[in-house]
Amino acid sequence: MLGGYVGKMLEVDLDSGELKDLPLDEEMAKMYLGGKGLGLKLVYDEFRADMQPFDPDNLLVFATGPATGEKIPTSGRYHIVCSKSPQTGTVGSGNAGGKWGPYLKFAGYDVVIVRGISKEPVYLEIVDGKARLVPAPELWGMTVYAVTDELVERTGNPKKTSVACIGPGGENLIPFSGIMNDKYRTAGRTGLGAVMGSKKLKAVVVSGSKRVDPANPELLKERVADSMAKIKENPVTGPKGGLHTYGTAILVNILNESGAYPTRNFQEAYFPEADEQSGETLVDKYLTGRGGCWGCPIVCGRRSDVPEGPYSVRDTEGPEYETIFAFGADCGIKELDALIKANHLCDELGLDTISMGGTIACAMELVEKGKIPKEKLHGMNLRFGDVGSMIEAIWRTAYRAGIGADLSLGSRALAEKYGAPEFSMDVKGMELPAYDPRPIQGIGLNYATANRGGDHVYGYTISPEILGLPEKLDPYAVEDKPRWTIILQDLTSAINSSVVCLFSSFALGLPEYAGMLAAVTGFDLDADKLLKLGERVTNLERLMNNKYGLDRNEDILPKRLTEEPVPEGPAKGQISHVPEMIDEYYALRGWVDGKPTEEKLKELEII
Amino acid sequence: MKIHVKFLATIRQIAGVPEIELEIHPGDSVGAALQALQARYGTTFKEATTGTTTGGIPKVRFLVNGRNTDFLEGFETKLEDGDVMVLIPPVAGG
Ligand code: SF4
């Protein structure tokens with residue numbers, strides 16, 4: 001087999017209970033690498049345009065890549081895709097760190113493909129190359145931390161074991177529930193947790209220690225040393241660098257001071273109390289330690305502790321920047337201890353924090369503007385700034401309790417239900433992340449065109465537009481943004497197919513990735529070929545979305561962002577110019593009206 | 001005249017305060033304000049706000065009223081009474 005791959009996939013049919021080993025197709029690996037690319041290709045090979053999110057044939061694919069679990073920096077990651085997302089109606093897709101990806105490989109598989117629906121709750125256990133389905137009615141209903149502890153204990157080998165599971169959110173088919181691994185790591189977006197819940201699959205436990213050999217160990221060592229040096233000397237990714245010291249929360253003040261910190265459901269873009277929830281404040285008040293994913297020299301994770309007060313929670317992880325925005329400024333809430341609590345609760349219930357926060361923010365605006373009548377709230381004071389209601393709304397959503405049944409629809413269906421669709425800040429049904437696109441033109445174009453909906457990490461233009469990495473782009477300018485957006489989107493598709501962490505790209509670029517991947521796999525790869533592979537992955541995902549009926553009509557931002565200028569703050573008067581950029585984006589992509597042409601698909605060898 | 005200066009991340013640690021009011025002369029630029037800050041906060045601050053890192057990344061970037069000064073006049077950007085100037089060391093997130 002090729003270097004960097006086990007060469008085996010596990011197919012799990014939950015209808016019949018049958019487990020089957022399949023060989024990994026080498027040609028497919030060369031074309032799509034692994035992770036996202038390989039997962040999408042497996043889904044595409046069984047594509048059905050009439051697929052429904054909870055259809056037994058909706059494939060759920062857990063895919064590592066050739067980098068996963070190798071001695072490559074930030075290679076503790078894996079990707080999950082499903083044929084149809086319950087949140088967006090697109091192909092579903094999410095990425096997570098921790099150690100689950102490497103341990104799947106050490107347990108003997110590159111990929112797990114899940115189909116069908118089990119009659120009763122089960123979990124899948126893969127230990128040292130042996131897989132079995134275990135009936136688990138007693139685990140159904142358990143929260144993420146509890147079930148993780150239970151299953152790790154059952155294997156009797158905690159150090160070599162990792163658990164990916166769903167919480168009550170996934171069991172209750174909440175369309176923005178995620179798949180959680182190692183308790184705190186989340187493949188959060190597009191509702192993968194609900195797809196897993198629909199299959200009655202509570203968890204996938206992986207345990208093993210068999211390393212996978214690279215094709216060219218000496219060359220890999222050399223190239224890894226070069227990349228490690230670049231990571232270490234970089235002020236962002238280095239040992240005492242910005243990411244390690246402050247985590248992603250360092251962005252709070254930067255985005256706020258740039259006038260791009262979405263506030264009160266994107267009605268504003270500046271939150272005067274932002275510093276109270278900043279990365280600096282997190283370090284001062286609640287940080288107890290730092291932690292990283294398997295094999296990561298950057299170590300950006302936070303351990304936090306709120307020892308007392310109404311939102312006390314002991315020895316937890318997070319919160320990330322996105323979570324702070326979603327439950328914080330977007331809900332008009334400044335208290336950082338409450339945001340830590342909200343994050344903890346979402347991890348425990350298995351909910352995506354961005355979509356949960358965005359949906360609560362939308363509900364708060366609906367309440368304040370008189371769209372949701374008081375009697376629907378049963379006493380909840382669901383208004384901007386009301387901390388208790390924000391926290392209550394989370395568990396209510398996971399259990400569809402009271403107003404939680406409406407919140408569990410997500411912001412788009414919620415706002416439609418109450419007659420004000422313009423209050424939903426989403427793209428393709430997925431709530432927008434923590435960057436107001438009005439003063440940052442590239443990120444707006446990326447949100448609009450991202451295949452999985454409102455997604456910042458589809459093509460992270462914040463890097464050049466706000467952080468000046470790898471070069472500086474004026475965030476207000478539209479010139480050249482389509483080209484940059486495309487490059488970053490395709491680069492990310494390649495990164496997610498490798499699979500390494502997007503954060504390594506603050507220090508590394510395509511030549512470093514291609515060099516390490518070529519040494520691992522033995523493939524003929526260079527920077528251009530890797531970017532082309534990324535383009536193939538982006539286009540394949542787009543093609544499937546097109547077949548589901550999506551086109552340029554779905555590549556749009558909420559009207560608020562293209563028609564209502566930022567009202568106050570440093571970016572006052574700015575507006576998103578996506579409508580002016582989109583045709584250039586399509587032309588550069590070789591797409592017409594949001595669809596790759598036959599010529600483009602042939603060029604990329606997709607058809 | 002006075003401007004409002006905010007320090008982020010490690011620069012805040014060195015300055016020891018999150019923000020200050022800084023007295024400057026009419027017509028002063030970002031460069032002049034930086035010099036005043038370096039004089040006030042000493043060598044560690046000066047070291048942390050001068051030049052580039054090993055990888056060639058500037059050790060500090062400036063926002064003036066929300067705009068990165070790289071897209072204004074850089075160090076020559078003129079400051080006015082009441083302006084907000086933010087000092088940002090190299091950081092990132094996602
Ligand atoms: S940079 Fe952070 S998220 Fe990425 S692999 Fe390292 S610890 Fe995990």
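Proteins come first, then strands; the chains are lettered A, B, ... in the order of their sequence lines, and each starts at number 1.
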Interchain donor-acceptor contacts below 3.5 Å (chain A, chain B):
unit_1	atom_1	unit_2	atom_2	d
A:Tyr246	OH	B:Ala9	O	3.2
A:Tyr246	OH	B:Thr10	N	3.3
A:Tyr246	OH	B:Gln13	NE2	3.1
A:Glu257	OE2	B:Lys6	NZ	2.7
A:Asp275	OD1	B:Arg12	NH1	3.2
A:Asp275	OD1	B:Arg12	NH2	3.1
A:Asp275	OD2	B:Arg12	NH1	3.3
A:Asp275	OD2	B:Arg12	NH2	3.2
A:Glu280	OE2	B:Ala9	N	2.8
A:Tyr460	OH	B:Gly93	O	3.1
A:Ile466	O	B:Arg61	NH1	2.8
A:Ile466	O	B:Arg61	NH2	3.3
A:Asp474	OD1	B:Arg67	NH1	2.8
A:Asp474	OD1	B:Arg67	NH2	3.2
A:Asp474	OD2	B:Arg67	NH2	3.0

Problem set entry | Toward chain B, the part of A:Leu469 with a non-hydrogen atom under 4.5 Å | side chain
Exercise. Given B:Val91 and A:Ile254, is the side-chain contact (heavy atoms from CB on, under 4.5 Å) satisfied, shown in steps?
Worked result: CA-CA 9 Å; B:Val91 288; A:Ile254 298 174; 3.2 Å; yes
Exercise. Highest number of heavy-atom pairs under 4.5 Å with chain B: which of A:Gly247, A:Pro570, A:Ala249?
Worked result: A:Pro570
For this session: To the nearest 0.5 Å, tell me how far B:Leu63 CG sits from A:Ile466 CD1.
Result: 8.0 Å
Problem set entry | Heavy-atom pair with the smallest gap, counting every atom of A:Ile250 and B:Ala92 | CG2-O, 3.7 Å
For this session: Heavy-atom distances under 4.5 Å only: say whether B:Leu8 touches chain A with side chain, backbone, both or neither.
Result: both
Problem set entry | Structural part of A:Ile462 lying under 4.5 Å from a heavy atom of chain B | neither
Problem set entry | B:Pro18 versus chain A, the contacting section by heavy-atom distance below 4.5 Å | side chain
Exercise. Tell me, side chain or backbone of A:Leu473 under 4.5 Å from chain B's heavy atoms, or both, or neither?
Worked result: backbone
Exercise. Is the number of heavy atoms from other residues, nucleotides or ligands within 6.0 Å of CZ (B:Phe71) greater than 12?
Worked result: yes
